[in-house]
Protein chains: 2
Amino acid sequence: MTTQGPGLHTHVLDTLGLEIAAGDCPPGRVLRTDELAQRFDVSRTVVREVVRVLESMHLVESRRRVGVTVQPTEAWNVYDPQVIRWRLAGADRPRQLRSLTVLRSAIEPVAAGLAARHATPEQCAALTECALGMVATSRGQQLEGYLEHDIAFHRIVLNASGNEMFARLGDVVAEVLAGRTHHQVMFEDPDPAAVTLHVRLAEAVREGDVADAERLTKEIAVGALHELDVLAP
Amino acid sequence: MTTQGPGLHTHVLDTLGLEIAAGDCPPGRVLRTDELAQRFDVSRTVVREVVRVLESMHLVESRRRVGVTVQPTEAWNVYDPQVIRWRLAGADRPRQLRSLTVLRSAIEPVAAGLAARHATPEQCAALTECALGMVATSRGQQLEGYLEHDIAFHRIVLNASGNEMFARLGDVVAEVLAGRTHHQVMFEDPDPAAVTLHVRLAEAVREGDVADAERLTKEIAVGALHELDVLAP
DNA sequence: GTGATCTAAAAGTCATACTTTTTGTTCGCC
DNA sequence: GGCGAACAAAAAGTATGACTTTTAGATCAC
């Protein structure tokens, strides 16, 4: 998925971002703006803007008389959805998916608990609708439809938590779910147990059962982690 | 805390970032690159680079024939440490601190549990040392020294979890703790209960007691949240 | 070998000219 | 009067070239 925008800048940014995230251009490698301009056949202006953006993500550092140095992984802004997308497209997607799923397993239960407290009737209704949509698409190779409802479901929970930091993790979760569906060979239908858990979670939230919401979400997360262990190298 | 770097770009970026995060320049407000160049007395080149960076943080969106539009809060990359810093410097620091602390309360217990499993002897030693440092600086108006050890402590736990996403939250936690110490009138010494909890947590991690590590961290988080309720509007 | 000095490489900055997209207006037609 | 198409201008996007500033690394003196 390549973010669109006025052509040149976006193209160069995306290409470089992918290369760095993928590990070509290993940390320590030095790039020169002039070379990049030549390589992409764009003006130095464009390259400089791209470099500034990569720098703000701490993927590179630019120093006078040295050049643009690729930074070690530990420096990267790994919560930037753009960076996440680049990394998920790269070689160590499995590792990436795992660490993101562990993150989800920490956050979503708490978010679900808060959602059980604060969800509006509209949010509860939307949640139930998503759960039903998941049920409807859980059989017969309708993975895309299922994914859509799954993403919407988790997004609603995160939003309903009322916490901004949780809510903004919706994009990350969406990337994880999409990455899982698209890149792991998922010829089978989704786990029926997971579907059931989502339905029950929608109920728990609607009824304001905090403890249950937390527990069910934890189960969902455990299932997701287990699935990763089974399907990923 | 103003990130340093080659002067002009950094200065303009920081100023604009602060203004937007603070809510001057409300969402929907349109800026023009020429005006900005004039206002800061820099070339359009510099302004454009700044705008591109702000755009990558989703603080603004730049469109032809329209200008640079400030985006609504929901679009911002709120996990970007830079954005966090800007927001914590602004008016609604209390709200910000609260939502970040809730985030901590979700993540740190899980991270501590993992740390109890995976921490190396070196990490355990460092943890104990930090805890002792906290004890030593917990009385007699040594807030700065205490803060330093507190930050180091939580950083080690997050790193020892072995999960990259958790580890990279160290910067966020550091910002939160620093913000709490510096911006809330903390003439008193830190809560003795919190100090004790940290010491016990270091022990739990060293002994590999996962459940205990989780529980103690939860208690620390609850205390922090309570403290916020008491001290913030 | 140590330290001060010099040099050149690369990023940083600026001014300007030109292109492209897009919005809002104008004009003609029904 | 309202509707659609052509049009003009505004603002960002791109390109280029000249110049400045920092600084790593070489050179040179001691």
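Throughout, a chain's letter reflects where its sequence line sits, starting with A, and its residues are numbered from 1.
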Which is more 5' along DNA chain C, the nucleotide nearest Gly67(A) or the one nearest Val46(B)? Just name the residue.
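Taking each residue's closest nucleotide, the earlier one in sequence belongs to Gly67(A).
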Among the candidates [options], find the nucleotide nearest to the side-chain atoms of [X].
{"X": "Val42(A)", "options": "dA15(D), dC14(C), dT14(D)", "result": "dA15(D)"}
{"X": "Arg65(B)", "options": "dT16(D), dT23(C), dA15(C)", "result": "dT23(C)"}
{"X": "Arg32(B)", "options": "dT13(C), dG13(D), dA11(D)", "result": "dA11(D)"}
{"X": "Arg44(A)", "options": "dA11(C), dG17(D), dT22(C)", "result": "dG17(D)"}
{"X": "Ser62(A)", "options": "dC14(C), dT14(D), dA11(C)", "result": "dA11(C)"}

Rounded to whole Å, how long is the line connecting atom [atom1] of [X] with atom [atom2] of [N]?
{"X": "Glu49(B)", "N": "dA15(D)", "atom1": "CD", "atom2": "C1'", "answer": "14 Å"}
{"X": "Leu8(B)", "N": "dA15(C)", "atom1": "CG", "atom2": "C1'", "answer": "15 Å"}
{"X": "His9(B)", "N": "dC14(C)", "atom1": "NE2", "atom2": "P", "answer": "13 Å"}
{"X": "Gln38(B)", "N": "dA15(C)", "atom1": "CD", "atom2": "C1'", "answer": "15 Å"}
{"X": "Leu54(A)", "N": "dA11(C)", "atom1": "CG", "atom2": "C1'", "answer": "16 Å"}
{"X": "His11(B)", "N": "dT13(C)", "atom1": "NE2", "atom2": "C1'", "answer": "16 Å"}
{"X": "Glu35(B)", "N": "dA11(D)", "atom1": "CD", "atom2": "C1'", "answer": "11 Å"}
{"X": "Asp34(B)", "N": "dA17(C)", "atom1": "CG", "atom2": "C1'", "answer": "14 Å"}

Under 4.0 Å between a side-chain N/O of Arg48(A) and OP1 or OP2 of dA11(C), yes or no?
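For dA11(C), neither OP1 nor OP2 has a side-chain N or O of Arg48(A) closer than 4.0 Å.
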Phosphate OP1/OP2 of dA11(C): any Thr33(A) side-chain N/O under 4.0 Å
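Yes, such a contact exists.
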Electrostatic pair [X]:[Y] at N-O distance under 4.0 angstrom:
{"X": "Asp171(A)", "Y": "Arg155(A)", "result": "yes"}
{"X": "Arg39(B)", "Y": "Glu19(B)", "result": "yes"}
{"X": "Arg52(B)", "Y": "Glu49(B)", "result": "no"}

Mind checking if Thr45(A) touches a base, just sugar-phosphate, or nothing, with heavy atoms under 4.0 Å?
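Since a base atom lies under 4.0 Å of Thr45(A), the category is base.
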When all nucleic acid strands are considered with a 4.0 Å heavy-atom cut-off, which category describes Arg63(B): base, sugar-phosphate, or nothing?
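Answer is sugar-phosphate: Arg63(B) comes under 4.0 Å of backbone atoms only.
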Backbone N/O of Val60(B) and side chain of Trp76(B): donor-acceptor pair under 3.5 Å:
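Not confirmed, Trp76(B) side chain does not pair with Val60(B) backbone.
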Under the rule for ring-ring contact (aromatic ring centres under 6.0 Å, His included), what residues qualify as partners of His198(A), not counting sequence neighbours?
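Only Phe153(A), His154(A) meet the ring-ring contact (aromatic ring centres under 6.0 Å, His included) criterion with His198(A).
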